[in-house]
Amino acid sequence: MALCSRAFPLRLPGSRSMTSSENGRDAGRGTAAVESLNSEGLKPLFQQLDIDNPESVRAARDFFNEKYGGLDVLINNAGIAFKNADTTPFGTQAEVTLKTNFFATRDMCNEFLPIIKPGGRVVNVSSVMSSIALNRCSPELQARFRSNDITEEELVGLMERFVQEAQAGAHSQGGWPDTAYGVSKTGLTVLSRIHARKLRHERPADQILLNACCPGWVRTDMAGPTATKSPDEGAITPVYLALLPAGAGEPQGQFVMDKKVHPW
């Protein structure tokens, strides 16, 4: 069983026996996506899921665990971004953006990672903006975000600090860049590194691979119609990571673009 938490149509060819399930808040759009894939001879399922709602996340976790005994593949692709021209106060943008892109995705991982089956694959869809935002942080923040000993609790504290300082109009003085989306994706990429490290320590024999990736600039509702990649092209790297062959040891805990590991 493979679960994509939202967005691009998920086609999982060949190497494993699994059913793909596309999840989202909008049941109508989910049903339409299933019908479209059915017309191609595929057999996907739709399970409604709102990652901002902890009860919805736990209900989905229980559904997959009870019906399928867990998951083979989890792709966390849910995310939001304010448009550049949006006049919403930056502090509000920071709170709203991180709520979904970091905190809710973290909750999703913490509920679902225990039910990932041996040999499973987890893909967190981040963005090249995570790297750009990282390089715009203060040297002190960059050092922590790049460290190999940062804990999940420390990371959560830093993300909470960003929101608080953004709301107070003091984020620049705190060493943060002027991009809530970028900071949210920096947090997600670092979270991926932490969770991969945890899997290596706690479940080494299960050979679960967990990575973050940038799909590129994709023509979606969020990115707009002028983006350079189609949804199918945007899916290439996430699906590549989702279908890393059995026995593969790498990439693990990496940031991947265009199917290549990029330095963090």
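Nothing here was measured: the structure is a model prediction, and the numbers come from that model.
- Using a 3.5 Å distance cut-off with no hydrogens or angles, the side chains of S192 and N124 do pair a donor with an acceptor.
- Environment of CD in Q173: crowded, with over 12 heavy atoms of neighbouring residues, nucleotides or ligands closer than 6.0 Å.
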| CA sep, side-chain torsions, deciding dist, call: L155, F145, side chain to side chain contact (heavy atoms under 4.5 Å, CB included) | CA-CA 8 Å; L155 176 62; F145 287 140; 3.8 Å; yes

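- When the side-chain contact (heavy atoms from CB on, under 4.5 Å) test is applied to D86, the partners found at least two apart in sequence or on another chain are F82, T88, Q93.
- Annotation: side chain to side chain donor-acceptor pair (under 3.5 Å) contacts of D178 (sequence neighbours excluded): H171.
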Using residues 156-165 as the side-chain source, report each donor-acceptor pair under 3.5 Å to any protein atom, sequence neighbours left out, with the distance given to one decimal.
unit_1, atom_1, unit_2, atom_2, d
R161, NE, E165, OE2, 3.2
R161, NH2, G174, O, 2.9
E165, OE1, W176, NE1, 2.9

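- Legend: residues meeting salt bridge (Lys or Arg N to Asp or Glu O under 4.0 Å) with D206, ordered by chain and number and at least two apart, are R203.
- Between S230 and D232, the side chains place no donor N or O within less than 3.5 Å of an acceptor N or O (distance only, hydrogens not considered).
- The side chain to side chain donor-acceptor pair (under 3.5 Å) search around R197 returns none, not counting sequence neighbours.
- For E202, there are no side chain to side chain donor-acceptor pair (under 3.5 Å) partners, not counting sequence neighbours.
- Applying the side-chain contact (heavy atoms from CB on, under 4.5 Å) test to D258 and every residue at least two apart in sequence or in another chain returns K229.
- In this structure, R193 has no salt bridge (Lys or Arg N to Asp or Glu O under 4.0 Å) partners at least two apart in sequence or on a different chain.
- Contacts of D107 classified as side-chain contact (heavy atoms from CB on, under 4.5 Å), with partners at least two apart in sequence or in another chain: none.
- Under a hydrophobic-cluster definition in which Ile, Leu, Val, Met, Phe, Trp and Tyr are linked whenever side-chain heavy atoms come within less than 4.5 Å, directly or via other members, M257 and I236 are assigned to different clusters.
- Residues that satisfy the side chain to side chain donor-acceptor pair (under 3.5 Å) test with T186, not counting sequence neighbours, are absent from this structure.
- R136 is linked by a salt bridge (Lys or Arg N to Asp or Glu O under 4.0 Å) to nothing, counting only residues two or more places apart in sequence or in another chain.
- Qualifying salt bridge (Lys or Arg N to Asp or Glu O under 4.0 Å) partners for E95, counting only residues two or more places apart in sequence or in other chains: none.
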